[in-house]
Protein chains: 2
Amino acid sequence: MKYLRIKKALLQRIADGAYGDHLPSENELADTHGVSRMTARRALQELVSEGYASRVPGRGTFLQPRRFSQGFLRVRPFREHAAEAGAAPSTRVLTAEARRAPATVAGKLGTNKTVLVSRLRRLDGEPVMLETRYLRADLCASILHEDLAQDSIHELLVDRLRLPLTRVWQRLEAIALDEGMAAWFGLSAGSPAFRLERVTYTNDDPVTWVEYVMRGDRYVFQDDFSPQRESVREVSR
Amino acid sequence: MKYLRIKKALLQRIADGAYGDHLPSENELADTHGVSRMTARRALQELVSEGYASRVPGRGTFLQPRRFSQGFLRVRPFREHAAEAGAAPSTRVLTAEARRAPATVAGKLGTNKTVLVSRLRRLDGEPVMLETRYLRADLCASILHEDLAQDSIHELLVDRLRLPLTRVWQRLEAIALDEGMAAWFGLSAGSPAFRLERVTYTNDDPVTWVEYVMRGDRYVFQDDFSPQRESVREVSR
DNA sequence: CAGTGGTCTAGACCACGTC
DNA sequence: ACGTGGTCTAGACCACTGC
């Protein structure tokens, strides 16, 4: 994928502040990377479609000013979430081993060589969330040596493995618990729950896929904002 | 713009049900429209990026079944939401009259002198959302004279009654439908659903309290963001 | 005027799925 | 073996902005 190579090189140099706000033109990129113009063009267009840059015919391609936003659900450690709810968090590690990802997950991670970590999270002793996470084995295998009952996986990825979070895709659904999941919570099958599916990227490489199943009787997503500002909180009740 | 011509032709024929779920291939389109493959390709790719279709290498391009989603933070007319989903919206007004608010609502509005409007919203004839709204009678009573089957209440408040939206409090829950609500959707009791509760303020005065109940099998909240940008995509699953 | 992005062409090779 | 989508090439013409 030549266009990906170019795009990543651009992202890297953007992060380094190598350009002012004026990115190289299509022809310039094509020359320096020894590639056709259509290929260079695609790299630039992806940056545009992801909000990094904008283009003006006849003028050029320009970096977009940074905007700070977190999406509708924040990515943050369970421990912080518990602290806000004023409850004592605890974690039981159910699985932590190399295991091939199922097809749907492998499709999103680009490989089925993965590590599976699943955990049951409790607040004040009550199980409230079930986490099922696949991590790319080539990048994250060493995570199996960490203390997964205590540490935030996201913090391990960022701090220990130097895999900064650069992009998130996520989706929230309302579901009915099946027999198996309900058992973990001591609820009956059919109980309502949230299902949050999330893929986290570092420099456009997918790193981990995670599914959170949260009890509908314990979780709400609460939000208080003015049109200009936003702050979304995950609340447990 | 040849690719736009082709894309629009495809959308038209999709709406007419001219294809099953299998769209023409790139080569096929290129031939029938007398255009190069890259141009035909672009038409198909735009359909994919807008959620109409998905592509599988080696197999073909397939229509996506339509579901409807909504950005969590967005406050916007149902009609706009429907337009983006490419579905025909319709509304049945169930109630529109002066009625005292129940205690929980009165607490949030600061009064129980209210007007109740409840509506059933449909997309392509299918009931997908139930809206129950209390508005402060002192500010909003005149809304009962408007066409509540057509107009956006939020737009009426802002444009007609000059009550700008300055703050929003909202909360999203996962619930199981009770008998009564399930009946509106033609679902069985216990089916999963979202419940969004929202209070809207003008200059820190609460104006209206509203509850939306959305079918869990038709709504998802999807989000794709990075630290630099946010683009809440109105994609369906 | 030379440079930019927007569009388009007519080929090409590849990996993959289906038959 | 054949068709599919994914990628890439080396050209081309256009409308537009800057100097």
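Please read all numbers here as calculations on a predicted model, not as lab measurements. Within every chain, numbering begins at 1; the chains are lettered A, B, ... in the order of the sequence lines, protein sequences first and strands thereafter.
When rounded to the nearest whole Å, the span between CD of A:Glu46 and P of D:dC8 equals 10 Å. We find that NZ of A:Lys2 is positioned 14 Å from P of C:dC13, with the value rounded to whole Å. If you measure from atom CG of A:Leu29 to atom P of C:dG3, you get 16 Å, rounded to the nearest angstrom. Between B:Arg55 atom CZ and D:dG6 atom C1' the separation is 9 Å, expressed in whole Å. With rounding to whole Å, A:Asp31 atom CG is found 12 Å from D:dG11 atom P. Atom pair B:Asn27:CG and D:dG6:C1' shows a separation of 13 Å (rounding to whole Å applied). The separation between B:Glu26 atom CD and C:dC14 atom C1' is 14 Å, rounded to whole Å. As a whole-Å value, the separation of B:Ile6 CD1 from C:dC8 P is 8 Å.
Each of B:Ala40 and A:Glu28 lies near DNA chain C, and the nucleotide nearest A:Glu28 is the one positioned closer to the 5' end. Comparing A:Arg59 and A:Met1 by the nucleotide of DNA chain D whose heavy atom lies nearest to each, the residue mapping closer to the 5' end is A:Met1. Nearest-nucleotide assignment on DNA chain D puts the 5′-proximal partner with A:Met38, out of A:Met38 and A:Val56.
Within 4.0 Å (heavy atoms only), B:Arg42 reaches sugar-phosphate atoms of the nucleic acid but no base atom. Base engagement by A:Arg41 is indicated by at least one non-hydrogen atom pair under 4.0 Å involving a base atom.
The backbone N or O of A:Val117 sits nowhere less than 3.5 Å from a side-chain atom of A:Thr95 that would complete a donor-acceptor pair.
Within a 6.0 Å radius of NZ in A:Lys113, other residues, nucleotides and ligands contribute 12 heavy atoms or fewer. The number of heavy-atom neighbours closer than 6.0 Å to CD of A:Glu179, taken from other residues, nucleotides and ligands shown, is 12 or below.
Phosphate proximity of D:dC8 to A:Tyr3: absent, as no side-chain N or O sits under 4.0 Å from OP1 or OP2. The shortest distance between the side-chain N/O atoms of A:Thr39 and the OP1/OP2 oxygens of D:dT9 is below 4.0 Å. One finds a side-chain N or O of A:Ser25 lying less than 4.0 angstrom from the OP1 or OP2 phosphate oxygen of C:dT4. Distances shown here put a side-chain N or O of B:Thr61 below 4.0 Å from the OP1 or OP2 atom of D:dG5.
Contact detail for A:Ser191 and A:Ser188: the closest heavy-atom pair is OG-O, 2.7 Å.
Looking at A:Arg171 and A:Glu173, no side-chain N of the basic residue comes within less than 4.0 Å of a carboxylate O on the acidic one, giving no salt bridge.
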